[in-house]
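Down below is the structure, laid out as structure tokens.
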Amino acid sequence: MNELSIFEIQQKFEQGTLTAHQLVSHYLERIESIDRSGPMLNAIIELNPDALAIAQLLDEEREANGPRGPMHGIPVLVKDNIDTADAMTTTAGSLALAGSRPNQDAFIVQQLRKAGAIILGKTNLSEWANFRSTRSSSGWSSRGGQTRNPYALDRNPCGSSSGSGVAVAANLCAVAIGTETDGSILCPAQTNGVVGIKPTLGLVSRSGIIPIAHSQDTAGPMARTVADAAILLGALTGVDERDAETAVNKGHADYTSYLDKNGLQGARIGVARDYFGRDPNVDAIMEQSIAAMRALGAEVVDPVEIKTKDQVRESEFTVLLYEFKADLNQYLAALGDDAPISSLEQLIAFNNAHPDKTMPYFGQELLQMAQEKGALTDDDYVEALQKNHQLSRGEGIDATMSEHQLDAIIAPSGQPAWPIDWVNGDSHKGIGASGITAVSGYPSITVPAGYVHGLPVGMSIFAQAFSEPALIKFAYAFEQATKVRQSPQFLPTLFS
């Protein structure tokens, strides 16, 4: 049952050759044999003890009334910074939140349950979504330990949605949910050879998700195929009264109509060459990808330049520090009196009190820097946020697309996975094109494009706000024509 798409699973459900109960049982057995023993991927931080019972109820409902839709009976893993009001906890991978059980589902979890999906469990992540230290190792959390790349177990899975990317790649679930503030869907998706969609800010609700920064945070789908990612994205969208940003939602709930094999015909695609030049092997894969897009009828504009892409780094960091303090304090306070901690200050104190367990490899410099910031009314914050939007939107992606009359821009999603290094952290981390779309709040999709010594490399396709239909169309056409994805082999190391 490995590598089955959602469409293929639904076909088997309809034919009576597979049930949701059997599918959940398969994934639970695979998680036990591959994630918790065997290769020891360490992608799953907690399993839903009620998953099999929920699957049985959904099978009975299908038999009586038919399926609710394409997600009916589909097992989904969600990142452990997404609230579930069930038997599982939500901790952001931190021991400081051990035992924390929110009293309400995140809106996107409500949407998944409504669609008939089965919440199979929680995935490990870079602790606090990788906003804890300047020297962190992606995929490590004090609660969950180190997640490992399924293509080479001594390689980094990238973060912070490490467990979600690894679980999808290793067939531990049908699809998974990640979250992104800057690169945390796109990087683990490309590094683990799967599809990841970072949606437009406001398309997917942020309520019930442990935050970093409300001006950039979003959840999104991670899947083995563009079609599966499109189906899952449709299930996540909706207007949420707890998140005012979703009021701008344009309501594109069904993205499967954009799965067009001829979707690149006549499209104007810009090549952002300023993201090239970091790795000749990655550049070679990108050249092959550009040639494939041309062969599919795209008009390639090469090169284009996003002139402001490096001008937002300082202002982005300022915004993240301010918003992390404000947003995390708000989330923790809302957990109530039974919560293990109720403020960023208490979190820092907890880590200081348990350094052997919480800080064995790296510290909490980012938490401390955030704690020193003032309110969101400070001039430094207001000016930094304004600069972010001006440089990334009007003078950034908008200006580039307007100048060249583009439908989308492409760039490398990153570099091949680097070795896990608890001494130096992610000093070897390859930088992709996630920054400019993160700061702007614009959508981006990464799709597998090739391999370097057996390690996956992805291509990012991005554009302006709410362009998900076009991006899905372009990514699907590219994927169907190239079909480069290979299943991981769980090698202990690449070179022995």
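The shortest distance between side-chain heavy atoms of Leu120 and Ile31 falls below 4.5 Å.
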Name each donor-acceptor pair under 3.5 Å that joins a side chain in residues 65-77 to protein atoms two or more places apart or in another chain, with its distance.
| unit_1 | atom_1 | unit_2 | atom_2 | d |
| --- | --- | --- | --- | --- |
| Arg68 | NE | Glu61 | OE1 | 3.4 |
| Arg68 | NE | Glu61 | OE2 | 2.7 |
| Arg68 | NH1 | Arg113 | O | 2.9 |
| Arg68 | NH1 | Lys114 | O | 3.1 |
| Arg68 | NH2 | Glu61 | OE1 | 2.8 |
| His72 | ND1 | Arg68 | N | 3.1 |
| His72 | NE2 | Leu58 | O | 2.9 |

For a quick test of your reading: what N or O donor-acceptor pairs under 3.5 Å do the side chains of residues 42-56 make, sequence neighbours left out?
| unit_1 | atom_1 | unit_2 | atom_2 | d |
| --- | --- | --- | --- | --- |
| Asn42 | ND2 | Gly144 | O | 2.6 |
| Asn42 | ND2 | Gln146 | O | 3.2 |
| Glu46 | OE1 | Thr89 | N | 3.2 |
| Glu46 | OE1 | Thr89 | OG1 | 2.8 |
| Glu46 | OE1 | Arg143 | NH2 | 2.8 |
| Glu46 | OE2 | Thr89 | N | 3.3 |
| Asn48 | OD1 | Asp50 | N | 3.0 |
| Asn48 | ND2 | Ile119 | O | 2.8 |
| Gln56 | NE2 | Glu60 | OE2 | 3.3 |

Can you list, pair by pair, the side-chain donor-acceptor contacts under 3.5 Å of residues 445-459, counting residues two or more places apart and other chains?
| unit_1 | atom_1 | unit_2 | atom_2 | d |
| --- | --- | --- | --- | --- |
| Thr446 | OG1 | Ser413 | OG | 2.7 |
| Tyr451 | OH | Gln486 | N | 2.7 |
| Tyr451 | OH | Gln486 | O | 3.3 |

Atom pairs and distances, donor-acceptor, side-chain atoms in residues 11-23, under 3.5 Å, two or more places apart:
| unit_1 | atom_1 | unit_2 | atom_2 | d |
| --- | --- | --- | --- | --- |
| Thr17 | OG1 | Lys12 | O | 3.4 |
| Thr19 | OG1 | Gln22 | N | 3.0 |
| Gln22 | OE1 | Thr19 | N | 3.0 |

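Partners of Phe478 under the ring-ring contact (aromatic ring centres under 6.0 Å, His included) rule, at least two apart in sequence or in another chain, do not exist in this structure. Glu8 pairs by the side-chain hydrogen bond (donor to acceptor under 3.5 Å, both in side chains) definition with Ser5, not counting sequence neighbours. Scanning for ring-ring contact (aromatic ring centres under 6.0 Å, His included) contacts around Tyr361 gives Trp140, Trp422, with sequence neighbours left out. Not counting sequence neighbours, the partners of Ser142 by the side-chain hydrogen bond (donor to acceptor under 3.5 Å, both in side chains) test are Glu127. In this structure, the side chain to side chain contact (heavy atoms under 4.5 Å, CB included) partners of Leu201, at least two apart in sequence or on a different chain, are Arg206, Glu245. For Thr256, the side chain to side chain contact (heavy atoms under 4.5 Å, CB included) partners are Ile231, Asp254, Leu259, not counting sequence neighbours. Under the rule for a side-chain hydrogen bond (donor to acceptor under 3.5 Å, both in side chains), the partners of Tyr442 that lie at least two apart in sequence or sit in another chain are Asp398. Every side chain to side chain contact (heavy atoms under 4.5 Å, CB included) that Gln489 has, sequence neighbours left out, goes to Leu491.
Under the 3.5 Å distance criterion, the side-chain polar atoms of Asp154 are left unmatched by any main-chain donor or acceptor of Pro419.
Classified by interplanar angle (parallel below 30°, tilted 30° to 60°, perpendicular above 60°), the ring pair Phe324/Trp128 is perpendicular.
Annotation for Val78 and Thr84: closest pair CG2-CG2, 4.3 Å, computed over non-hydrogen atoms.
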